[in-house]
2 protein chains.
Amino acid sequence: MDRYAPAAFGGILTFGGINLSRAESALLARQLGAIQTHRPNVRLLSEGDMLDRPRLIRSGWACRVRFLSDGRRQILNYYLPGDILGLSLDPDPVALAGYASLTRLMTMEVGTLRTLALDRPDEYPELAAACRRMKVHEEFYLLAQITRIGRQKAYERVAHLLLEFYSRLSRTGLAEGASFQLPLTQEALADGLGLSAVHVNRTFKLLKRKNYVRVERGTVTLLEREALAEMCGFREPEDLFQVDTVPHKTAVSF
Amino acid sequence: MDRYAPAAFGGILTFGGINLSRAESALLARQLGAIQTHRPNVRLLSEGDMLDRPRLIRSGWACRVRFLSDGRRQILNYYLPGDILGLSLDPDPVALAGYASLTRLMTMEVGTLRTLALDRPDEYPELAAACRRMKVHEEFYLLAQITRIGRQKAYERVAHLLLEFYSRLSRTGLAEGASFQLPLTQEALADGLGLSAVHVNRTFKLLKRKNYVRVERGTVTLLEREALAEMCGFREPEDLFQVDTVPHKTAVSF
DNA sequence: CGAAGGCTTGATTCAGATCAATTCTTGTGG
DNA sequence: CCACAAGAATTGATCTGAATCAAGCCTTCG
């Protein structure tokens with residue numbers, strides 16, 4: 001059941017929610033690699049591995065993760081359908097953390113695309129730009145992750161992460177209205193949020209009671225998206241690139 | 001009093017602890033830009049700003065930071081002497097968070113170096129490699145930051161961050177034996193560690209009592225570096241690149 | 001149908017936050 | 001060189017958000 005979108009719509013290639021033109025998609029279509037499936041909760045790459053074979057996620061969710069010696073687990077970031085596992089524009093790239101599947105996963109090898117983006121960016125400008133943009137987004141989400149777990153309350157963290165998921169899935173066409181499929185266990189959320197699974201559960205209960213969200217069978221509905229975003233200070237990465245329209249948000253003191 | 005090292009030793013350029021050859025340093029030496037000083041706790045760049053003018057830190061410490069609407073502050077990463085503020089290899093780079101000084105700061109404009117690294121990497125291979133390496137280190141430290149604040153105890157967090165500072169300063173020649181100058185307030189540490197300033201203070205007291213560290217006048221001495229690293233799971237980024245020597249550390253379960 | 005994994009809930013504990021003084025430093029101006 | 005003011009560091013007392021422990025209850029799915 002690959003309910004989570006294909007990353008190519010009618011011949012248009014999409015990476016991390018960024019569409020290539022039909023023309024460039026056509027050029028690249030025959031460069032796509034083999035498809036693999038992976039079961040949930042398996043290690044895909046280990047710290048220190050070479051990242052020369054990035055894989056595009058066609059369905060399912062994955063993450064980067066680090067373990068402490070006593071078994072504590074920290075999820076560093078999540079990868080959703082359309083994201084690329086192990087994308088690096090470095091000529092000699094190394095995994096800075098482990099990569100693991102969180103659900104059943106279907107991936108496609110895109111090592112060739114990586115090579116093209118690196119060696120002939122001029123021939124594939126959109127591909128190269130999409131790769132760079134994906135890296136920027138990845139860093140943006142890392143920074144969001146730090147702010148969430150460093151300075152936000154449990155209910156803010158959960159709200160913020162749900163908004164991030166919604167935003168990212170929307171870009172890939174995987175949200176329906178205000179709803180999306182969330183295939184993660186509460187434990188997988190907890191390990192990303194720096195909380196215990198029990199407390200994630202209670203926090204969901206709180207958000208439901210306050211009518212911020214509805215959750216039924218793995219489907220999350222954000223009922224008050226504006227209010228939710230306001231409450232937890234959520235911002236889209238796109239906001240950063242439209243500096244001309246919005247006047248500069250004069251930030252808090254010093 | 002710029003007690004914190006110059007980033008150039010006898011004509012050798014050093015970026016983030018990575019030395020260029022004498023030859024390439026000589027080629028680049030005349031491309032260095034103007035020097036500026038900045039007072040402590042001022043905003044250097046805001047979210048969304050163009051990053052076309054990176055600045056090398058010659059002395060002092062800085063950080064990237066994000067504020068919540070009620071004034072809570074999260075420090076995302078720290079920049080030490082020899083680091084570059086706003087380094088990006090993207091053609092059209094944007095600040096993903098604010099940049100601020102934490103101490104008095106002396107910086108040097110290195111926009112020209114950025115341009116050379118981008119446009120003529122073949123002529124300046126070491127410069128280009130150093131820039132890439134710095135970006136990798138930066139991401140490595142972001143991941144460490146996430147693990148610290150997401151899943152470690154206060155005393156582990158503090159120990160881990162001190163080890164990181166020691167490691168980074170050592171590479172630039174700014175550590176003396178087991179000691180280094182730590183010019184940050186406990187509040188600046190707290191905002192990076194996701195703790196309150198009071199608790200940082202108490203945690204220092206604990207680490208002192210256990211004879212892990214000594215602190216006097218802004219000088220930190222790591223008394224039991226091995227034990228400390230073991231206790232908090234600290235690892236050097238270099239470990240990742242020497243996969244051949246060390247057999248693969250089979251990590252915790254799945 | 002049964003087993004296993006995930007979810008939910010209650011009871012209890014605890015790490016770290018918050019509040020409130022007091023000292024200690026450090027930089028400044030006279 | 002000294003006095004002081006402002007900012008840091010330190011300490012105590014108290015509170016609280018989230019962890020932990022421990023059942024029970026749902027869903028899946030073979």
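Order of the sequence lines sets the chain letters (A, B, ...), proteins ahead of strands, with each chain counted from 1. These numbers come from the heavy atoms of this one structure, side chains and all, not from hydrogens, waters or symmetry mates.
Note on A:T185: only backbone sugar-phosphate atoms sit closer than 4.0 angstrom, heavy atoms only; bases stay farther off. Backbone-only contact: B:G194 has heavy atoms under 4.0 Å from sugar-phosphate atoms and none from a base.
Aromatic ring centres of A:Y78 and A:F165 lie closer together than 6.0 Å.
A donor N or O paired with an acceptor N or O is not found under 3.5 Å between the base of D:dG17 and the side-chain atoms of A:R202. Below the 3.5 angstrom threshold, one finds no donor paired with an acceptor across the side chain of B:R157 and the base of C:dG16.
Projected onto DNA chain C by closest heavy-atom contact, A:Q186 and B:Q152 fall at different nucleotides, the more 5' of which corresponds to A:Q186.
Counting heavy atoms from C-beta on, the side chains of B:M231 and B:E224 never come closer than 4.5 Å.
In this structure, A:L102 atom CG and C:dG5 atom P are separated by 17 Å, rounded to whole Å. Between the CG atom of B:L182 and the P atom of D:dA9 there is a distance of 9 Å, given to the nearest Å. Atom OH of B:Y155 and atom P of C:dG16 are 9 Å apart (whole Å). Atom NE2 of A:H199 and atom P of C:dG6 are 21 Å apart (whole Å). Summarising the geometry, the separation between CG on B:L184 and C1' on D:dA9 is reported as 15 Å, rounded to the nearest angstrom. Atom CZ in A:F204 sits about 13 Å away from atom P in C:dT9, given to the nearest Å.
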Output a table of nitrogen or oxygen pairs between the protein and nucleotides 22-26 of chain D separated by less than 3.5 Å.
none

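Residue B:K208 has a polar side-chain atom (N or O) positioned under 4.0 Å from OP1 or OP2 of D:dT10. OP1 and OP2 of C:dA15 both lie 4.0 Å or more from every side-chain N or O belonging to B:K153. Residue B:N201 has no polar side-chain atom (N or O) positioned under 4.0 Å from OP1 or OP2 of D:dA9.
A cation-pi contact, defined as under 6.0 Å to the ring centre and within 45° of the axis, is absent between A:R55 and A:Y99.
A side-chain N or O of B:E236 and one of B:S167 form a donor-acceptor pair less than 3.5 Å apart.
With hydrogens and angles ignored, the 3.5 Å screen pairs no side-chain donor or acceptor of A:Q36 with any backbone N or O of A:M108. Looking at B:R157, its side chain does come within 3.5 Å of a backbone N or O of B:L193 through a donor-acceptor pair.
Salt-bridge annotation for A:E139 and A:K135: absent, with no side-chain N of the basic residue lying under 4.0 Å from a carboxylate O of the acidic one.
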